[in-house]
Amino acid sequence: MRIQDEQLKRFILDAGLITKTDIVSAEKNAKEEEKTLSEVLIAHGHMTEDDMRRVESYVLGIPFVSLKDMKIDFETLTLIPEPVARTHNIIAYKKDKTTLEVAMLDTADLPAIDFIKKKVGLKIQPRLTDTESMRKALQQYQKTLKDEFGDLIMKDASELKVLQEEGNEASAKELKQMAEDLPVVRIVDTLLRHAIIQGASDIHIEPMEEEVLVRYRIDGILNDAMKLPKIASDSIVARLKVLSRLKLDQKRLPQDGRFKMDMDGQKVAFRVSMLPTFFGEKVVMRLLRENRSGFSLEGIGFHGNTLERIHKATRATTGIILVTGPTGSGKSTTLYTILDILNTPEVNISTIEDPIEYQMARVNQSQVKPDIGFTFAAGLRSLMRQDPDVIMVGEIRDEETASLAINAALTGHLVLATIHTNSASGTVARLIDMGAEPFLLVSTLKVAVGQRLVRRLSDDKVPYTLSKAEKAELEDKVNMDKILEALVEESIVKKGATWNDVTFYHPKENGETEDGYKGRMGIHEVLEASSTIKEMVMADKTGDEIEEQARQEGMLTMLEDGVFKAAQGMTSIEEVLRVINE
């Protein structure tokens, strides 16, 4: 329920919050702009959004709650998953047997209320709050593993000691019993669930001489999460082996496995790697969020000319689209996003992957198994007999796979693939080094996309403008005039603007987030195989010469795209330089 304009007008005049003249003017503007009275009062600076929420709270009889200094029980807070809380600005802060009280910025967001009601099975009582309260409450999701669960984990770990003092080398049967004991089940479950809540991409469990170190990789940065007693190591490893269906008594050789977990309706697959080290078995788990959809090229960082080049390539029915970058640079996400665009009822899509990271409806996905001879090359050869229109190859690793991918493109298929190089221009040289014939390559290559992931700035970032020294330092690395032209072309800055008119941002440490960043996004360079570049490939030109020509044809390099996005306030220049210089 929203406050009506006439109700709002009467209350404001009775309370003397705004003069009658301003109200009359605001009503006139509301009619002209086809907006509500509250929207116009906020837009014209007569009232802030928080002032308006307090008025609505009073007029509509909805209680107002301040969460600024409230410590919310973590179990109650996490009844609403963090992504939902952030998207809909809704916080669960108080709960009893039948009722859940939620603080909102917009109590008319009925779909969000219905979603929470179905999820928790309780009566929902909405309360209005202000933006500062919402910001402080959202910060409470960002608690460390030690802060929230340290005491519980250490208590459970102490109970494991008895299990392991009976003998030096436990049998497979004993290890299985150890893995199914309640304390270790709780410890592992807590480690996994907290990693999901924190948005971690990897979990590292590392045995050391006197303790076990747990680390999470969040937004590309590896952070210490907690230290556990050494005595917990074998039990945790045994539990993870049981979940991953690995050999419990195999401790001398590496093992790889996989298991799934469902949390708050979010399905997460854990890809598990175990490696024997001097102090025991080290475990690294990659978290893969399944059934992810709704990605768009714009949403993952493509824009302007780079976006148009990708869309042009996807409209082709034959050829190769290559995505390149180091491990963890978002290559798979880019390919899946392109597949999502291509995934229509009249198209047959088949993939050969290692591993299958996201499951997609209507896409035939195959997992390579090199130990039984099902390699990328063997899989690609079989896919050709499956009448595909679009083929995705997880990675081109060798001459045979490269040759088969090129031949598939030549025979009427659109092929998407990844390859490991440092830049878009380096893909050509890499494929030729693998034995690809240049004349076949130039006949099939549509675009090569180079990319990295940079961290996004939190909302409480610190603004500044470039000094002369900072601008000069950047000009040694990028074409600043070209970046400014792109900003003008995409209407991000006004025509005629200079770098003095562009606001950049530093991260604010110990603000909304500890390091000033939250989430990641891509920076890209998209090299289009123009006729000139094809001639240069045939003439055996170097990668640097090809890149220079591509830049003359309008390509922004990854570094230039990073500065472009820093100028939009999406990331910082220091973050872009950190990633590019790694």
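Numbers for residues simply follow the sequence, beginning at 1.
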*Asks:* Tell me whether the count of non-hydrogen atoms from other residues, nucleotides or ligands lying under 6.0 Å of NZ in K477 goes above 12.
*Replies:*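 Yes - once you tally the heavy atoms of other residues, nucleotides and ligands closer than 6.0 Å, there are more than 12.
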
*Asks:* Determine the minimum heavy-atom distance between G301 and D561, stating which atoms define it.
*Replies:*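 So the two residues come closest at O-OD2, 4.5 Å.
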
*Asks:* Just by distance, no angles: are the side chains of E470 and S467 close enough, under 3.5 Å, to form a donor-acceptor pair?
*Replies:*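 On atom types as modelled, these side chains qualify, holding a pair under 3.5 Å.
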
*Asks:* If you define the side chain from C-beta out and look only at heavy atoms, does anything of L453 sit under 4.5 Å from M521?
*Replies:*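 No. Closest side-chain heavy atoms not under 4.5 Å.
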
*Asks:* Nearest 0.5 Å, please: how far is CD1 in I483 from CG in L474?
*Replies:*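 So the CG of L474 and the CD1 of I483 are separated by 7.5 Å.
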
*Asks:* Say whether Y505 and T571, considering side chains only, have a donor N or O and an acceptor N or O under 3.5 Å apart.
*Replies:*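 Per modelled atom types, Y505 and T571 side chains form no pair under 3.5 Å.
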
*Asks:* Just wondering, do T444 and L410 contact through their side chains at under 4.5 Å, heavy atoms?
*Replies:*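 Yes. Closest side-chain heavy atoms under 4.5 Å.
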
*Asks:* Whether E528 and K446 form a salt bridge (side-chain N of Lys/Arg under 4.0 Å from carboxylate O of Asp/Glu) is what I want to check.
*Replies:*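 Here K446 does not pair with E528 in a salt bridge, since their nearest N and O are not under 4.0 Å apart.
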
*Asks:* Inspect the surroundings of CD in E489 and state if more than 12 heavy atoms from other residues, nucleotides or ligands are less than 6.0 Å away.
*Replies:*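 12 or below, so no.
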
*Asks:* Let's go through N343 and I349 carefully: what are the C-alpha distance in whole Å and the side-chain angles of both, what is the deciding distance for side chain to side chain contact (heavy atoms under 4.5 Å, CB included) to 0.1 Å, and is it a yes or a no?
*Replies:* CA-CA 7 Å; N343 191 9; I349 301 175; 4.0 Å; yes

*Asks:* Restricting to pairs with a member in residues 313-334, which pass ring-ring contact (aromatic ring centres under 6.0 Å, His included), not counting sequence neighbours?
*Replies:*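 Passing the test, one end in residues 313-334: no pairs.
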
*Asks:* Ion pair present between E509 and K461, side-chain N to carboxylate O less than 4.0 angstrom?
*Replies:*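 Looking at E509 and K461, the cut-off is not met.
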
*Asks:* Atom CG of N348 and atom CG of N364: how far apart are they, to the nearest 0.5 Å?
*Replies:*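 CG of N364 is found 5.5 Å from CG of N348.
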
*Asks:* Check for me whether the distance between the ring centres of F302 and H311 falls short of 6.0 Å.
*Replies:*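 Centroid separation for F302 and H311: 6.0 Å or greater.
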
*Asks:* For the NZ atom on K541, are there more than 12 heavy atoms of other groups (residues, nucleotides or ligands in this structure) within a distance under 6.0 Å?
*Replies:*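 No.
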
*Asks:* Taking E475 first and then K471, would you say they form a salt bridge - that is, a charged N and a carboxylate O separated by under 4.0 Å?
*Replies:*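 Judged by the 4.0 Å cut-off on N to carboxylate O distance, E475 and K471 do form a salt bridge.
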
*Asks:* Assess, by modelled atom type and distance only, whether the side chains of E353 and Q365 contain a donor and an acceptor separated by less than 3.5 Å.
*Replies:*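 The answer is yes; a qualifying pair exists.
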
*Asks:* Once rounded to the nearest 0.5 Å, what's the spacing between atom OG1 of T78 and atom CD1 of I196?
*Replies:*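 Spacing of OG1 (T78) from CD1 (I196) equals 12.0 Å.
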
*Asks:* Is the shortest side-chain N to carboxylate O distance from E281 to K241 below 4.0 Å?
*Replies:*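 Salt bridge between E281 and K241, a charged N being under 4.0 Å from a carboxylate O: yes.
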
*Asks:* Test your reading of the model: is there a side-chain donor-acceptor pair from S458 to the backbone of G516, 3.5 Å cut-off?
*Replies:*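 Looks like yes, one N/O pair under 3.5 Å.
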
*Asks:* Using side chain to side chain contact (heavy atoms under 4.5 Å, CB included), reason through I432 and L441 one step at a time and then give a plain yes or no.
*Replies:* CA-CA 8 Å; I432 291 173; L441 182 57; 4.2 Å; yes

*Asks:* Where the side chain of H420 meets the backbone of P326, is there a donor-acceptor pair that is under 3.5 Å apart?
*Replies:*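 Answer holds: no.
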
*Asks:* Can you tell me if S244 uses its side chain to pair, donor with acceptor, with the backbone of L246 under 3.5 Å?
*Replies:*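 Judged by distance alone, no pair lies under 3.5 Å.
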
*Asks:* With a cut-off of 6.0 Å (strictly less than), are more than 12 heavy atoms of other residues, nucleotides or ligands near CE of M434?
*Replies:*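 Yes, the 6.0 Å shell around CE holds more than 12 heavy atoms from other groups.
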
*Asks:* Could you tell me if the side chain of L380 sits less than 4.5 Å from the side chain of I391, heavy atoms only?
*Replies:*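 I391 reaches L380 side chain to side chain.
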
*Asks:* Would you say NZ of K227 has more than 12 non-hydrogen atoms from neighbouring residues, nucleotides or ligands within 6.0 angstrom?
*Replies:*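 No, not enclosed.
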
*Asks:* When you measure from the side chain of K565 to the backbone of G522, do you find a donor-acceptor pair of N or O atoms at a distance under 3.5 Å?
*Replies:*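 It does hold such a pair.
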
*Asks:* Tell me whether R309 contacts the main-chain N or O of V526 through its side chain, where contact means a donor paired with an acceptor under 3.5 Å.
*Replies:*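 Yes, the answer is positive, given that a donor and an acceptor are paired below the 3.5 Å cut-off.
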
*Asks:* Measuring only between side-chain heavy atoms, which start at C-beta, is L322 closer than 4.5 Å to L445?
*Replies:*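 Touching, per the 4.5 Å side-chain cut-off.
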
*Asks:* Tell me whether the count of non-hydrogen atoms from other residues, nucleotides or ligands lying under 6.0 Å of CG in D371 goes above 12.
*Replies:*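 Yes, the 6.0 Å shell around CG holds more than 12 heavy atoms from other groups.
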
*Asks:* Can you measure from OH (Y216) to OG (S201) and round to the nearest 0.5 angstrom?
*Replies:*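 These two atoms lie 12.0 Å from each other.
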
*Asks:* With distance as the sole test, does E395 use its side chain to make a donor-acceptor pair with the main-chain N or O of T418 at under 3.5 Å?
*Replies:*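 It does not hold such a pair.
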
*Asks:* Quick check: are there more than 12 heavy atoms from other residues, nucleotides or ligands sitting under 6.0 Å from CG of N422?
*Replies:*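 Open: at most 12 neighbouring heavy atoms sit under 6.0 Å from CG of N422.
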
*Asks:* Is the side chain of H413 donor-acceptor paired with the backbone N or O of A408 at a distance under 3.5 Å, no angle test?
*Replies:*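 Yes; at least one donor-acceptor contact below 3.5 Å.
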
*Asks:* Tell me whether R578 is salt-bridged to E575, with the criterion being a basic N under 4.0 Å from an acidic carboxylate O.
*Replies:*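 Result for this pair is yes, salt bridge flagged.
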
*Asks:* Side-chain donor-acceptor pair under 3.5 Å between T337 and D340, yes or no?
*Replies:*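 D340 and T337 do not have a side-chain donor-acceptor pair below 3.5 Å.
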
*Asks:* Quick one: does Q255's side chain have a donor or acceptor within less than 3.5 Å of a partner on Q250's backbone?
*Replies:*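 Flag set: sc Q255 to bb Q250 pair under 3.5 Å.
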
*Asks:* So which heavy atom on L484 is nearest to which on T498, and how close?
*Replies:*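 Nearest pair, atom of L484 first, then T498: CD2-CA, 4.1 Å.
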
*Asks:* Compare all side-chain heavy atoms of T557 with those of E547 and state whether any distance is below 4.5 angstrom.
*Replies:*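 Yes, close enough: below the 4.5 Å cut-off.
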
*Asks:* Which heavy atom in T314 sits nearest to a heavy atom in L414, and how many Å separate them?
*Replies:*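 The answer is O-CD2, 4.3 Å.
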
*Asks:* Could you tell me whether a side-chain N or O of T427 sits under 3.5 Å from a main-chain N or O of S423, the two making a donor and an acceptor?
*Replies:*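 No; zero donor-acceptor contacts below 3.5 Å.
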
*Asks:* When you check the gap from the basic side-chain N to the acidic O, do D354 and R397 get nearer than 4.0 Å?
*Replies:*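 Between R397 and D354 there is a salt bridge, with a charged N closer than 4.0 Å to a carboxylate O.
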
*Asks:* What distance separates N89 CG from T131 OG1, expressed to the nearest 0.5 Å?
*Replies:*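 Spacing of CG (N89) from OG1 (T131) equals 9.0 Å.
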
*Asks:* Just by distance, with hydrogens left out, do S530 and E553 show a side-chain donor and acceptor under 3.5 Å apart?
*Replies:*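 On atom types as modelled, these side chains qualify, holding a pair under 3.5 Å.
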
*Asks:* Just checking, is any N or O donor in the side chain of T324 or T421 under 3.5 Å from an acceptor N or O on the other one?
*Replies:*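 Looking only at side-chain atoms, T421 and T324 do form a donor-acceptor pair, the distance falling under 3.5 Å.
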
*Asks:* Within a strict 4.5 Å, meaning less than it, do heavy atoms of the V454 and I580 side chains meet?
*Replies:*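 Not in contact.
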
*Asks:* Report yes or no: do E298 and H303 form a side-chain donor-acceptor pair below 3.5 Å?
*Replies:*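 Short answer, no.
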
*Asks:* As an exercise, state the distance from CZ of R455 to CG of D219, rounded to the nearest 0.5 Å.
*Replies:*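 R455 CZ to D219 CG: 7.0 Å, rounded to 0.5 Å.
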
*Asks:* Taking all non-hydrogen atoms of both residues, which atom of T334 and which atom of V323 are closest, and how far apart?
*Replies:*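 Closest pair (atom of T334, atom of V323, distance): CG2-CG2, 4.2 Å.
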
*Asks:* Would you say that K260 contacts F270 through its side chain, given a criterion of any heavy-atom pair below 4.5 Å between the two side chains?
*Replies:*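 No, side chains not in contact.
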
*Asks:* Does this structure show an ion pair linking E560 with R551, if we count only N-O contacts that are shorter than 4.0 Å?
*Replies:*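 Yes.
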
*Asks:* State, yes or no, whether a side-chain contact exists between T277 and P207 at a heavy-atom distance under 4.5 Å.
*Replies:*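 Yes. Closest side-chain heavy atoms under 4.5 Å.
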
*Asks:* Please find the pair of heavy atoms, one from L275 and one from P254, that lie closest to each other, and give the distance.
*Replies:*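 For L275 and P254, the tightest heavy-atom pair comes out as CD1-CG, 3.9 Å.
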
*Asks:* Side chain to side chain contact (heavy atoms under 4.5 Å, CB included) between T375 and V368: does it pass, once the steps are laid out?
*Replies:* CA-CA 5 Å; T375 61; V368 300; 5.9 Å; no

*Asks:* Looking at every non-hydrogen atom in both residues, tell me the closest pair between P345 and R362 and how far apart they are.
*Replies:*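 For P345 and R362, the tightest heavy-atom pair comes out as CA-NH2, 3.1 Å.
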
*Asks:* Salt bridge between D262 and K267, side-chain N to carboxylate O under 4.0 Å?
*Replies:*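 No.
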
*Asks:* Verify whether one side chain among Q549 and E545 offers a donor that lies under 3.5 Å from an acceptor in the other.
*Replies:*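 Distance-only check fails for Q549 and E545.
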
*Asks:* Under a 4.0 Å N-O cut-off, is there an ion pair linking R215 with E206?
*Replies:*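 Yes.
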
*Asks:* Can you list the steps and then say if M285 with H204 is a side chain to side chain contact (heavy atoms under 4.5 Å, CB included)?
*Replies:* CA-CA 7 Å; M285 290 175 278; H204 291 233; over 6 Å; no

*Asks:* Without swapping roles, check the side chain of E525 against the backbone of V449 for a donor-acceptor pair under 3.5 Å.
*Replies:*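 Checking the backbone N and O of V449 against the side chain of E525, no donor-acceptor pair under 3.5 Å is found.
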
